[in-house]
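Following: one structure in structure tokens, then a few remarks.
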Amino acid sequence: MARPFTPKVVTANALLEGDAIWFTENGDWSRDMADAELITDEAHGDICLLEAQADQSAVAGVYLADAKAGAHGPEPVHFRETFRTRGPSNYVHGKQEA
Amino acid sequence: MYVYNDFDENFVRNRVAQFRGQVERRIDGSLTEDEFKPLRLMNGLYLQLHAYMLRVAVPYGTLNSAQMDKLAYIADKWDKGYGHFTTRQNIQYNWPELRDVPDMLSALADVSMHAIQTSGNTIRNVTADHFAGAAADEIEDPRPTAELLRQWSTDHPEFQFLPRKFKIAVTGAEADRAVTRAHDIGLRMVRNDAGEAGYEVIIGGGLGRTPMVGKVLRDFLPRADLLPYCEAIVSVYNLLGRRDNKYKARIKITVHENGLEKIQDLVEARFEQIRPNFGGVDQQMLAQIEQAFAAPAFVTKSTDGYEAARLANPALRSWSDTNLSDHKADGYAVVSISIKKHGATPGDATSDQMRVMADLARQFGHDELRISHEQNVILPHVHKSDLPAVYAALRAADLATANIGLVSDIIACPGMDYCALATARSIPVAQEIATRFDELKLEHEVGPLKIKISGCINACGHHHVGHIGILGLDRAGVENYQITLGGDGTETTTIGERAGPGFGAEDIVPAIERLVLGYLNLRETADETFLQAYRRLGADPFIAILYPEKAAKNAA
Ligand code: SF4
């Protein structure tokens with residue numbers, strides 16, 4: 001039996017800064033995961049991924065990551081993705097710096 | 001030390017110019033990410049979790065003060081004011097922006113440095129004993145050999161697309177400080193019975209998913225045969241190494257699957273075939289390189305002032321007891337600067353600290369610095385009479401931690417705080433262990449103990465050869481830390497044994513504390529090190545300490 005589809009977001013790194021970014025419903029990118037489109041349908045996920053990958057001008061390393069609905073928008077499921085919303089734990093660098 | 005000739009200089013400058021064009025074409029959209037990625041990796045530029053990372057080679061770990069100053073300048077101008085020294089004797093910048101990287105590479109080229117072949121399936125930065133040219137137990141300085149290998153391997157047309165990356169380490173001393181037995185090729189400089197200089201050639205060592213201790217391929221290779229012989233090894237591997245499975249592509253698997261004898265036969269045959277092509281040019285080059293590594297003009301002066309200062313200042317005494325090693329020249333010492341202040345990130349130095357170390361090298365250290373695979377910085381040649389001044393300057397720069405070789409001198413890879421391949425974090429674990437043992441004020445009593453932490457199976461943190469190794473894993477979406485015991489990265493290389501089930505992030509530091517305190521009860525005398533006690537007693541008593549509930553159940 002096929003595994004049920006778990007909700008996802010499309011994420012990548014910004015081409016110039018390398019900062020983590022997420023694909024939004026409007027087909028652009030945000031530095032804040034809460035702005036991302038939470039994808040709940042597998043076929044739609046594939047389309048979003050293709051669409052995001054087609055945008056070669058500003059991004060690198062596009063992939064789908066598990067996510068869940070939160071109070072303000074999508075939230076990470078896995079700790080790796082949580083770190084990407086924040087930055088490293090040894091310095092206040094990256095997103096948490098802002 | 002070796003200074004670039006015109007050929008080296010042009011080569012590096014051309015690469016920077018090429019890369020500048022490639023970055024521009026990526027930014028204007030003429031190159032896709034798939035096209036650009038291999039190009040940036042060839043120039044040491046990785047994309048990590050939060051940003052790009054630029055890995056700069058420090059060939060065989062040797063730097064002069066101008067180079068260290070330039071590393072500080074780069075950290076300030078294009079990064080966040082610090083750099084991370086790695087187990088491969090490289091330095092990594094964690095926050096460069098794509099547009100700036102060509103300028104960073106150009107600044108490096110100003111001081112004969114680059115990031116070429118710090119990635120990809122090529123021969124990587126050749127590493128060496130960080131006490132090279134200074135250690136009292138040295139037979140010969142390994143750096144001319146390492147430099148010859150660097151020149152031979154850089155842009156070697158046959159070896160740009162090997163089955164997998166390829167790492168060479170060289171040591172010229174009795175004690176193996178370069179972990180030669182965990183490299184694709186390890187070279188130990190030796191002398192035969194006739195007193196002639198040569199190499200013991202070890203191949204097929206490596207850590208990672210399938211850790212293996214290297215095997216001796218040739219117990220004595222005459223010095224003049226080095227390049228043809230290495231070329232023979234790499235060329236046999238290039239054809240025989242597996243390209244169908246990334247996890248079986250390193251030469252250690254090639255040796256394991258084909259057997260040492262078959263590899264030996266193939267290498268010897270290839271060697272006979274290509275040796276005539278070398279015609280002695282390599283030896284002329286080696287002779288020139290050797291001149292560049294001539295020992296500095298050591299001076300003779302009194303060390304009375306140092307002895308008096310040592311007696312008067314307990315902090316200096318404690319630091320000199322742990323952070324100095326024997327030098328081959330009278331009156332000199334090798335100074336290890338700990339980049340492992342308790343609670344700080346192992347291997348991270350600020351730009352200010354880099355400038356202080358550069359200044360000390362200029363003033364007191366014959367202009368030489370080394371980066372160790374243990375992520376510390378070495379001043380290889382300091383006269384003892386200068387040690388009080390050196391210590392005072394280090395102390396003012398927060399660089400005088402007296403912990404070399406002790407519990408808190410931990411190797412830790414970047415782990416999931418930076419690395420895109422990581423399965424768990426390693427830096428916070430290192431920080432917490434060091435902080436805890438600082439609170440306990442026990443590490444000097446515990447004595448020599450090497451803890452090494454990797455954030456994934458790739459083992460950049462050398463956990464397999466830690467007396468205590470810690471491997472961070474992802475167990476069902478939670479960080480989990482597996483402990484290995486009894487590893488050793490020296491001339492008696494041993495792969496550590498897994499102790500048992502892993503520990504969660506909250507339990508790993510208490511587990512390490514239990515283990516180390518438990519060792520204090522197990523050791524026969526205060527001089528018996530952790531590793532010696534482990535070898536004498538075997539794993540069981542240590543496992544019982546790590547898993548007390550299980551031990552209690554077994555006893556019931
Ligand atoms: S061991 Fe793994 S996590 Fe650590 S630096 Fe290497 S690849 Fe990254």
Side-chain angles (χ1 to χ4, degrees), chain A residues 3 6-23 28-33 49-68 74-98, chain B residues 23 26-37 40 45-54 79-82 84 94-101 343-346 348 350 412 414-432 455 474 476-479 505:
Chain A
R3 269 205 286 166
T6 48
K8 293 193 169 41
V9 288
V10 173
T11 183
N13 293 72
L15 177 67
L16 295 181
E17 301 86 8
D19 193 16
I21 49 175
W22 291 268
F23 202 54
D28 53 18
W29 295 91
S30 170
R31 311 246 160 186
D32 184 350
M33 185 175 178
L49 187 64
L50 285 174
E51 215 180 298
Q53 276 166 341
D55 179 11
Q56 283 285 329
S57 63
V59 304
V62 182
Y63 64 95
L64 284 165
D66 284 339
K68 59 178 192 253
E75 288 174 2
V77 171
H78 192 275
F79 59 90
R80 180 183 197 269
E81 294 304 312
T82 307
F83 298 156
R84 289 181 74 242
T85 65
R86 193 161 79 198
S89 46
N90 58 335
Y91 303 112
V92 189
H93 286 162
K95 291 188 189 293
Q96 61 200 339
E97 200 170 3
Chain B
V23 168
R26 176 68 188 102
I27 291 174
D28 74 18
S30 12
L31 285 175
T32 65
E33 187 57 24
D34 286 348
E35 289 162 336
F36 179 63
K37 188 174 171 184
R40 69 166 158 76
L45 187 64
Y46 288 72
L47 186 55
Q48 298 286 42
L49 287 179
H50 316 292
Y52 287 96
M53 179 271 281
L54 181 66
D79 208 272
K80 293 189 188 289
Y82 76 99
H84 175 73
N94 287 325
W95 302 96
E97 293 193 9
L98 181 58
R99 236 185 252 288
D100 295 332
V101 175
T345 304
D348 278 12
T350 66
M416 209 186 269
D417 285 305
Y418 298 90
C419 179
L421 303 173
T423 43
R425 286 174 296 180
S426 31
I427 291 169
V429 177
Q431 290 175 306
E432 286 167 35
D474 172 354
V478 189
E479 286 170 297

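Everything numeric in this text was worked out from a predicted model, so none of it was measured. Every chain is numbered from 1 and lettered A, B, ... according to where its sequence line falls, protein lines coming before strand lines.
- Within 6.0 Å of CZ in A:Arg31 there are more than 12 heavy atoms belonging to other residues, nucleotides or ligands.
- Proximity to chain A is limited to the side chain of B:Ile427, based on heavy atoms less than 4.5 angstrom apart.
- In this structure, no portion of B:Ala344 lies under 4.5 Å from any heavy atom of chain A.
- A:Gly61 and B:Glu33 make their closest contact through N-CG, 4.3 Å (heavy atoms, listed as atom of the first residue, atom of the second, distance).
- Here the CG-OG distance, from B:Asp28 to A:Ser57, works out to 11.0 Å after rounding to the nearest 0.5 Å.
- Chain B is approached within less than 4.5 Å, heavy atom to heavy atom, by A:Phe79, A:Arg80, A:Phe83, A:Arg84, A:Arg86, A:Gly87, A:Pro88 from residues 79-88 of chain A, ordered by number.
- Of the listed residues (B:Asp417, B:Val101, B:Asp100, B:Asp474), the greatest number of heavy-atom pairs within a distance under 4.5 Å of chain A belongs to B:Asp417.
- Within the 3.5 Å criterion, the main-chain N or O of A:Leu16 finds no donor-acceptor partner in the side chain of B:Tyr52.
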Show, in sequence, the C-alpha distance, side-chain angles and deciding distance for A:Asn90 and B:Tyr418, and conclude whether the side chain to side chain contact (heavy atoms under 4.5 Å, CB included) test is met.
CA-CA 10 Å; A:Asn90 58 335; B:Tyr418 298 90; 2.8 Å; yes
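- Using a 4.5 Å cut-off between heavy atoms, A:Val59 touches chain B through its backbone atoms (N, CA, C, O) alone.
- Looking at B:Leu47, only its side chain comes within 4.5 Å of chain A, counting heavy atoms on both sides.
- In this structure, chain A has a heavy atom under 4.5 Å from the backbone of B:Gln48, while its side chain stays farther away.
- Ranked by heavy-atom pairs under 4.5 Å with chain B, the list A:Glu17, A:Gln53, A:His93 is led by A:His93.
- Counting heavy-atom pairs under 4.5 Å between each of B:Pro414, B:Gly415, B:Ala420 and chain A puts B:Ala420 at the top.
- When heavy atoms are compared at a cutoff of 4.5 Å, A:Ala58 does not approach chain B at all.
- Of the two parts of A:Asp19, the backbone and the side chain both hold a non-hydrogen atom closer than 4.5 Å to a non-hydrogen atom of chain B.
- Considering CD of B:Glu35 and CD of A:Gln56, their distance stands at 8.5 Å, rounded to 0.5 Å.
- Proximity to chain A is absent for every atom of B:Phe36, based on heavy atoms less than 4.5 angstrom apart.
- A:Glu75 meets the salt bridge (charged side-chain N to carboxylate O under 4.0 Å, His left out) test with no other residue; sequence neighbours excluded.
- For chain B, the option among A:Val62, A:Val77, A:Asn13 with the highest count of heavy-atom pairs below 4.5 Å is A:Asn13.
- For chain A, the option among B:Lys37, B:Arg425, B:Gln431 with the highest count of heavy-atom pairs below 4.5 Å is B:Arg425.
- The contact between B:Val478 and chain A is made entirely by backbone atoms, counting heavy-atom distances below 4.5 Å.
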